[in-house]
Asks: 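Before I ask anything, let me first share the structure, which is written out below as structure tokens.
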Amino acid sequence: MPRKKAAAPTIEGAAKAIHAAIRAIPKGTIASYGDIAARVGLPKHARLVARVLSQLSDPAIPWHRVVRAGDRIAFAAGSEGFARQRERLRAEGHTVRDNGQVIAVRRAADLDQELWGGFF
DNA sequence: ACGATGACGCACA
DNA sequence: GTGTGCGCCATCG
């Protein structure tokens, strides 16, 4: 059978997987946009993840656990989104500086190593 | 088709 | 540590 050409990922097509990946971030843990994209098999699509979040409708999704590379809040310091995310992150035990830098208790990117690294 | 726009990421000065 | 530039890629006018 003729192989289907690789279609460009769309919000519609990727939203479900991205939602699931974000819901899977444990409480007290943060992950970057790039982490989420890679997790759903779409490396280099961090911006797609951002787009999904910007149009997020389901309030049950812990969007606040998703930060920019370098553990920085994506919103501009001083914006509403910034304030809300900072509140939520602090509520989960993280420290957030005024400039948006997050001193994370735990990062999803390091979770695997935490689970295995100490034993081998 | 083309250029502008993002809740992005990385290299470099 | 901060600012700037460029790559990336789906969307939109």
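Chain letters run A, B, ... following the sequence lines, proteins first and then strands; every chain starts at 1. Excluded from the calculations below are hydrogen atoms, water molecules and symmetry mates; all remaining heavy atoms, backbone and side chain alike, are included.
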Asks: Counting heavy atoms not belonging to A:Asp58, are there more than 12 under 6.0 Å from its CG?
Replies: yes
Asks: Expressed as a whole number of angstroms, how long is the span from A:Arg72:CZ to B:dC8:C1'?
Replies: 14 Å
Asks: Would you say that more than 12 heavy atoms from the other residues, nucleotides or ligands in this model lie under 6.0 Å from the CZ of A:Arg39, or not?
Replies: no
Asks: So among A:Ile61, A:Val66, A:Ile11, A:Ile36, which one has a side chain to side chain contact (heavy atoms under 4.5 Å, CB included) with A:Ile18?
Replies: A:Ile36
Asks: How many Å lie between CZ on A:Arg84 and P on B:dA7, as a whole number?
Replies: 13 Å
Asks: With side chain to side chain contact (heavy atoms under 4.5 Å, CB included) as the test, pick out the partner of A:His94 among A:Thr29, A:Ile30, A:Asp71, A:Val67.
Replies: A:Ile30
Asks: Return the value, rounded to whole Å, for the distance between atom CD of A:Gln85 and atom P of B:dC8.
Replies: 10 Å
Asks: Would you mind telling me which residue lines up with the more 5' stretch of DNA chain B, A:Leu48 or A:Ser32, judged by nearest nucleotide?
Replies: A:Leu48
Asks: For DNA chain B, whose closest nucleotide is more 5', that of A:Val66 or that of A:Gly70?
Replies: A:Val66
Asks: Which is true for A:Gly81 with a 4.0 Å heavy-atom rule: it touches a base, it touches only sugar-phosphate, or it touches nothing?
Replies: nothing
Asks: Nearest to the side chain of A:Ser54, which nucleotide is it out of B:dC8, B:dC10, B:dA7?
Replies: B:dA7
Asks: Using whole Å, report how far CG of A:Asp58 lies from P of B:dA7.
Replies: 20 Å
Asks: Whole angstroms only, please: what is the CD1-C1' distance between A:Ile73 and B:dG9?
Replies: 18 Å
Asks: In whole Å, what is the span from the CZ atom of A:Arg68 to the C1' atom of C:dC8?
Replies: 13 Å
Asks: Does OP1 or OP2 of C:dC8 have a side-chain N or O of A:His45 closer than 4.0 Å?
Replies: no
Asks: To the nearest Å, how far apart are A:Ile61 CD1 and B:dA7 P?
Replies: 17 Å
Asks: When you measure only distances, ignoring hydrogens and angles, does the side chain of A:Arg47 come within 3.5 Å of the base of C:dC8 through a donor and an acceptor?
Replies: yes
Asks: Round to a whole Å and report the spacing from CD1 of A:Ile11 to P of B:dC8.
Replies: 13 Å
Asks: Nearest to the side chain of A:Tyr33, heavy atoms from C-beta on, is which of B:dT5, C:dC8, B:dG9?
Replies: B:dG9
Asks: Please pick, from B:dC8, B:dC10, C:dC8, the nucleotide with the shortest atom-to-atom distance to any side-chain atom of A:Ala74.
Replies: B:dC8
Asks: Side chain of A:Ala50: nearest nucleotide among B:dC8, B:dC10, C:dT11?
Replies: B:dC8
Asks: When you compare B:dC12 with C:dC8, how far apart are their P atoms, in angstrom units rounded to a whole number?
Replies: 15 Å
Asks: Just checking A:Gln55: does its CD atom have more than 12 heavy atoms from other residues, nucleotides or ligands closer to it than 6.0 angstrom?
Replies: yes
